[in-house]
Amino acid sequence: LSHMYARRRSAALELVPKDPSLPFTLIDVRASYFQYPWHHHPELELTMILRGKGLRYVGDSIKEFEDGDLCLIGANTPHCWLSEPVAGKPVRALVIQFDRDVFGPGFLDLPVARPIGELFSRADRGLCVTGELRSRVASQLEQVFQNSRNPLDRLAQLLSLLSLLAPGDRCKIGRAHV
């Protein structure tokens with residue numbers, strides 16, 4: 001995979017499919033390898049790699065990724081994860097895509113929600129979640145995907161997950177481009 005991949009190609013606009021029962025989109029990616037093209041969309045994206053390794057392109061950054069990679073990508077930030085096919089080793093990722101106003105217009109203006117708005121702004125160049133925080137977020141992210149959850153529980157779980165990531169938490173989040 002060429003390190004010039006992200007710099008030489010224009011990012012395609014992805015039209016994120018909308019779920020009529022949820023204000024966000026859940027995607028359980030299962031494939032023989034990661035090959036989704038360099039793209040961007042107006043939704044923020046939280047991506048956790050359950051299985052796979054390769055190169056992660058976020059904005060102007062190119063980094064290796066492996067199992068457990070967890071990133072929050074800001075709105076309209078170009079990105080992709082790419083890997084080579086390996087026989088008998090399929091890849092898997094859990095992806096949540098959501099609008100900045102996922103909790104309703106004016107929500108981020110509330111003083112209590114200000115840390116989440118700041119988190120969304122910090123995600124413009126991508127945030128990579130590491131350490132103990134990654135484990136806590138990964139556990140909650142997997143719960144959002146459980147079929148037994150009703151839509152309101154899933155929305156509440158997303159809010160809880162974002163509050164874990166919000167500034168002020170004692171756990172560390174690093175820039176995806178660092």
Side-chain angles (χ1 to χ4, degrees), residues 1-7 9 11-12 14 16 24-31 33-84 89 91-100 102 108 113-145 157-178:
L1 300 173
S2 167
H3 287 290
M4 296 306 292
Y5 178 85
R7 292 193 177 104
R9 299 192 60 181
E14 177 188 8
V16 172
F24 53 91
T25 300
L26 299 173
I27 304 168
D28 186 344
V29 178
R30 297 170 189 249
Y33 62 103
F34 292 113
Q35 61 179 336
Y36 204 79
W38 178 238
H39 68 285
H40 67 96
H41 39 75
E43 296 80 8
L44 288 98
E45 178 174 305
L46 185 61
T47 296
M48 180 172 66
I49 305 299
L50 296 176
R51 284 191 311 268
K53 64 180 183 175
L55 290 177
R56 172 182 12 102
Y57 296 78
V58 177
D60 61 358
S61 167
I62 303 168
K63 297 287 181 190
E64 291 184 2
F65 73 87
E66 59 186 23
D67 296 0
D69 191 63
L70 179 60
C71 290
L72 178 63
I73 309 300
N76 294 307
T77 300
H79 60 281
C80 68
W81 280 254
L82 296 175
S83 64
E84 297 291 334
K89 292 195 173 187
V91 298
R92 185 170 179 209
L94 298 179
V95 180
I96 302 177
Q97 296 171 320
F98 55 94
D99 291 322
R100 184 175 175 82
V102 65
L108 295 176
R114 195 165 293 131
I116 293 175
E118 292 170 4
L119 172 70
F120 291 174
S121 294
R122 290 175 44 225
D124 283 347
R125 293 189 65 197
L127 296 174
C128 187
V129 186
T130 59
E132 182 228 337
L133 179 60
R134 178 172 60 192
S135 298
R136 289 170 45 205
V137 170
S139 174
Q140 286 202 21
L141 190 146
E142 288 175 346
Q143 288 179 28
V144 175
F145 278 80
Q157 195 69 43
L158 177 61
L159 179 59
S160 178
L161 192 155
L162 293 171
S163 77
L164 278 176
L165 294 171
D169 194 284
R170 65 182 182 280
C171 299
K172 182 164 177 148
I173 299 176
R175 290 264 186 212
H177 70 275
V178 172

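Values below: every heavy atom of this structure, side chains too, minus hydrogens, waters and symmetry copies. These figures come from a predicted structure and were not determined experimentally.
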Could you tell me whether a side-chain N or O of [X] sits under 3.5 Å from a main-chain N or O of [Y], the two making a donor and an acceptor?
| X | Y | value |
| --- | --- | --- |
| Thr77 | Gly59 | no |
| Ser163 | Ser160 | yes |
| Asp67 | Gly52 | yes |

What are the two closest heavy atoms between [X] and [Y], and how far apart are they?
| X | Y | answer |
| --- | --- | --- |
| Val91 | Ser83 | CG1-OG, 4.1 Å |
| His41 | Glu43 | ND1-O, 2.9 Å |
| Cys80 | Pro37 | CB-O, 3.8 Å |
| Leu141 | Met48 | CD2-CE, 3.9 Å |
| Phe24 | Val144 | CE1-CG1, 4.0 Å |
| Leu70 | Ala138 | CD2-N, 4.3 Å |

Could you state the interatomic distance from [atom1] ([X]) to [atom2] ([Y]), rounded to the nearest 0.5 Å?
| X | Y | atom1 | atom2 | answer |
| --- | --- | --- | --- | --- |
| Glu84 | Phe34 | CD | CZ | 13.0 Å |
| Gln97 | Ile27 | CD | CD1 | 4.0 Å |
| Glu142 | Leu50 | CD | CG | 6.0 Å |

(Q) Does any part of the side chain of Leu94, heavy atoms only, come nearer than 4.5 Å to the side chain of Asp28, both counted from C-beta? (A)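 The answer is yes, as the side chains (C-beta and beyond) meet within the 4.5 Å cut-off.
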Q: Could you tell me whether the side chain of Arg92 reaches within less than 4.5 Å of the side chain of Val29, counting heavy atoms only?
A: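 Side chain of Val29 against side chain of Arg92, heavy atoms only: no contact under 4.5 Å found.
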**Q.** Derivation of the side chain to side chain contact (heavy atoms under 4.5 Å, CB included) call for Cys71 and Trp81
**A.** CA-CA 11 Å; Cys71 290; Trp81 280 254; 4.1 Å; yes
Q) Is it the case that His79 and His39 place a side-chain donor and acceptor less than 3.5 Å from each other? A)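 The answer is yes; a qualifying pair exists.
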Q: Verify side chain to side chain contact (heavy atoms under 4.5 Å, CB included) between Arg56 and Cys128, making sure each step is shown before the conclusion.
A: CA-CA 11 Å; Arg56 172 182 12 102; Cys128 187; 3.8 Å; yes
Q. Is the closest basic N to carboxylate O distance between Asp69 and Lys53 below 4.0 Å?
A.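 Judged by the 4.0 Å cut-off on N to carboxylate O distance, Asp69 and Lys53 do not form a salt bridge.
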**Q.** Parallel, tilted or perpendicular: rings of Phe120 and Phe98 (30°, 60°)
**A.**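 Tilted.
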**Q.** Full working for side chain to side chain contact (heavy atoms under 4.5 Å, CB included) between Gln140 and Val137
**A.** CA-CA 5 Å; Gln140 286 202 21; Val137 170; 5.9 Å; no
Q: Tell me, with the steps shown, if Trp38 and Leu82 meet side chain to side chain contact (heavy atoms under 4.5 Å, CB included).
A: CA-CA 9 Å; Trp38 178 238; Leu82 296 175; over 6 Å; no
